[in-house]
Amino acid sequence: MLKTEKTDVIVIGAGLLGCFAARSLREYNLSVRVLEAREDVCTGISRANTAIIYTGIDNKPGTLKSELCVRANENFDRLCSDLGVPFSRCGSLMPVFGPEGEKVLRKKYVQGMKNGVRGIRLLSAEETLSMEPNLSPNVRASLYVPGTGTVNPWHLCIAAYENADANGADFCFNSKAVRMERIKGGFRVTTEENEFFAGAVVNCAGLSADTVREMTEKPLVRIFRTGADYFVMDKKSEGGVSHIIFHEPESGNKGLTLVPTIEGNILAGSGERDAADVPDSADLNGLLYLEHLCGEVVPKLDMKKRIRSFAGARPNPFIVEPEGSGFRKTDRSIRDFSIFEEEGLFSLVGIKTPGLTCAHELSKYISVKVADYLGCSEKNSGFCPVREPVEKVSELTFEEWRRVVLRNPAYGRIVCKCGVISEGEIVEAIARGAKTVNGVKRRIGTGMGRCQGSRCTMRIAELIARELSLPVSEVTLNGGISNYVKGGGPGEV
Amino acid sequence: MKYDILIVGGGAAGMAAAITSAERGKKVVLAERESDLGGILNQCIHYGFGLTYFHEDITGTEYAARFRKVILDKNIEIMTDADVISIDEDRSAVISGKNGIIKVFFDFCIMASGCRERSIGSVFTGGTRPAGIYTAGEAQKMINLAHYDLGERFVILGSGNVGQIVARRLKILGKDVAAIIERNESLGGLNKNRHDCIEAYGIPVILRSTVDMIYGEGRVSAVRINNLDTGKTEILKCDALITAIGLIPDRDVAENLKKNGTYPDWLYFCGNCDNIHDMVDAVTMQAEKLASDICRLMEER
């Protein structure tokens with residue numbers, strides 16, 4: 001067991017919250033270490049969601065959620081501009097198909113106004129259809145929210161990581177916290193290989209945030225997992241939408257969410273369902289229900305053009321009471337962001353929608369408290385909020401691209417045909433921390449087109465092997481034992 | 001540079017179109033994205049090619065080699081490792097290759113860019129998204145050209161020609177093929193392949209069925225087979241799933257030129273980017289005829 005030098009703060013988990021927490025903590029003169037169980041950032045809850053930046057119309061006035069969400073939305077252009085992340089403020093429509101839905105619209109409208117959300121309007125059926133002609137003609141009315149937007153959650157998380165790293169946060173991967181104890185002056189956190197020490201701990205461990213908290217505290221809150229299913233349409237699909245659609249069904253059942261993504265695809269998702277045994281496992285009936293909803297809401301959307309389906313996990317925090325050596329679940333679900341401050345341990349437990357929107361605001365909120373706890377009021381004068389994105393050849397003009405290729409010919413070798421992504425970009429993604437095929441995908445979008453990686457994954461695996469000096473058989477799609485091939489390779493027969 | 005004809009793709013169709021055009025005295029440039037001409041033929045190390053065109057039964061690689069030999073003797077500008085990135089309305093194309101990014105101008109463009117495969121994402125499947133899922137063409141390339149080992153026990157979804165040929169190749173390599181799953185009432189593909197691959201190697205076939213669940217964390221560990229008539233399900237253990245569920249003409253690079261459903265009168269398609277062919281011989285002949293027609297058109301003007 002290797003003892004490491006004490007830092008001011010340990011952040012557990014390198015999802016959206018952990019990466020943003022590390023970044024915000026570095027705005028103070030605090031040394032920060034991040035312990036991530038997996039091989040890369042953005043592998044847990046942050047990985048799969050609807051990619052929506054909410055405005056706050058859905059949140060009860062006076063809650064932390066509504067306060068942070070409204071502020072986060074207003075500041076989102078600035079945040080994305082600093083971090084070099086594309087952000088599309090495409091606006092959203094909530095179409096309804098009957099009197100029950102219209103009641104919901106009016107309630108959301110009033111709530112949005114109370115929360116100070118700008119520009120929201122109730123639209124007639126005609127106005128709705130003129131904005132979204134592919135919506136079902138049965139639409140009765142809608143709520144238009146111009147401030148709603150979409151961002152690629154992978155890009156946002158990775159940008160926060162890179163910027164936190166550039167500002168001196170120390171990220172340790174493959175470092176699962178297995179034990180945490182309170183010691184004099186703070187905490188000792190033990191991983192399989194090392195011991196870490198810090199004055200304070202920020203617990204952003206996602207689905208494990210409850211059990212990480214209980215390493216030093218009594219059971220009080222537990223996460224109960226649910227799941228959500230999604231599919232993605234090819235970029236060239238007709239019959240889609242240009243605004244985010246929050247369909248509010250008359251039946252009170254789960255509605256459909258459609259997102260025109262930053263990449264130009266349509267992402268379809270629905271409400272939560274019961275959890276599968278495996279967190280990322282998709283539910284076939286959930287996917288079929290989504291298809292059915294699409295038929296009702298956007299009947300012209302060509303379902304044959306779908307290119308991928310997947311699932312994500314959602315953490316639902318409930319109050320529990322200690323019982324014997326364990327706990328007992330109560331029916332008290334925590335609706336607001338649940339943050340536990342316990343003598344130097346700051347736990348974000350069960351942060352869900354609008355967690356993507358609020359990751360940065362939540363991290364600022366926590367950092368103030370951590371700095372205050374550690375008695376550090378001094379700002380880090382060297383902090384630089386700006387991060388440069390990977391240069392994309394598909395966005396360059398012919399002359400610009402030619403100059404880039406003259407400097408580095410790898411930017412002229414196209415590997416991902418669908419996305420027009422070059423070897424140079426892949427090598428850069430690996431240099432910035434991608435270790436797996438999906439790590440490259442999350443950074444620069446390889447394998448996300450209509451061929452879904454069938455033409456480029458072998459080449460990408462070979463590039464990862466080359467850059468990291470590994471045999472190709474050790475390259476994984478997604479860490480762990482997800483090896484892309486079992487063995488062999490060029491030169492081996 | 002200005003050419004009479006730009007040919008996009010150097011597989012069976014592109015090579016045939018280039019040879020015909022050059023023989024008619026046209027100034028031709030051919031751009032191939034791989035390092036070698038031949039396209040998908042290079043990974044087809046099995047027999048069954050050339051029966052119509054050469055009146056011989058040769059392998060795909062041999063078929064490609066015969067055209068490579070001819071094409072190198074012609075006066076054709078051949079660019080390998082060269083991706084056509086975009087084609088513009090002013091009859092220019094941006095080509096990215098080992099010598100950097102260039103722009104070429106032309107009078108006519110023949111698209112011979114082949115096809116791509118539908119992936120597992122186009123089928124609704126519950127379960128996880130593990131490693132060990134390949135399209136048939138991807139698997140064929142990985143096994144035959146790069147000698148990768150993809151697994152021990154395979155399930156193949158889709159029984160068209162490619163699915164059957166990959167199944168046979170796996171059997172030859174000593175792998176276990178648990179089953180080929182086909183949603184129709186009978187096997188797809190040519191009778192010849194059914195005889196040479198499925199019957200000769202005793203590969204189990206499950207008809208009127210599909211894969212609707214994928215299991216495994218990390219690598220695929222099993223799939224669930226769902227009978228479309230009875231709804232009965234069965235779990236098949238496997239460590240790799242190969243999908244052979246359809247080919248789609250690849251016209252990506254020309255899509256922006258389509259206006260009101262039609263392409264400009266200087267752009268033509270041949271081979272699998274025009275329509276999916278069963279036999280390469282037919283691709284060659286179609287490409288030769290198209291090139292010949294274009295040459296006549298140019299000469300008449």
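In what follows, chains are A, B, ... by sequence order, proteins preceding strands, each numbered from 1.
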Residues B/Y263, B/F269; criterion ring pair (Phe, Tyr, Trp, His ring centres under 6.0 Å); working and verdict: CA-CA 10 Å; B/Y263 289 96; B/F269 298 89; 4.8 Å; yes
Main-chain N/O of A/A311 paired to A/D229 side chain as donor or acceptor, under 3.5 Å: no
Which portion of A/V472 sits near chain B, non-hydrogen atoms under 4.5 angstrom: side chain
Polar contact flag, side-chain donor to acceptor under 3.5 angstrom, B/N184-B/R208: no
Toward chain B, the part of A/V420 with a non-hydrogen atom under 4.5 Å: side chain
Segment of A/R413 engaging chain B (4.5 angstrom heavy-atom cut-off): backbone
Side chain to side chain, A/R314 and A/R273, heavy atoms closer than 4.5 Å: no
Contact origin within B/S119 toward chain A - heavy atom pairs under 4.5 Å: side chain
Contact origin within A/N478 toward chain B - heavy atom pairs under 4.5 Å: neither
A/E263/A/K441 salt bridge by N-O under 4.0 Å criterion: no
Residue A/L406 versus chain B: region with a heavy atom under 4.5 Å: neither
Considering all heavy atoms, the nearest B/A12-B/L41 contact: CB-CD1, 3.8 Å
Per-residue contact mode, A/K305 against chain B (heavy atom under 4.5 angstrom): neither
B/D250 side chain to B/D252 backbone, donor-acceptor under 3.5 Å: yes
Residue pair B/I40 / B/C44: nearest heavy atoms and the distance that separates them: O-SG, 3.3 Å
Heavy-atom contact with chain A under 4.5 Å, split by part of B/R219: both
Side chain / backbone / both / neither for B/I102 at chain A, heavy atoms under 4.5 Å: backbone
Interface moiety of B/L150 toward chain A, non-hydrogen atoms closer than 4.5 Å: both
Under 4.5 Å from a heavy atom of chain A, the part of B/F124 involved: both
Pair A/F310 + A/Y230: ring centers closer than 6.0 Å: yes
Proximity breakdown for A/F231 and chain B, heavy-atom pairs closer than 4.5 Å: side chain
Contacting region of B/E152 [heavy-atom separation from chain A under 4.5 Å]: neither
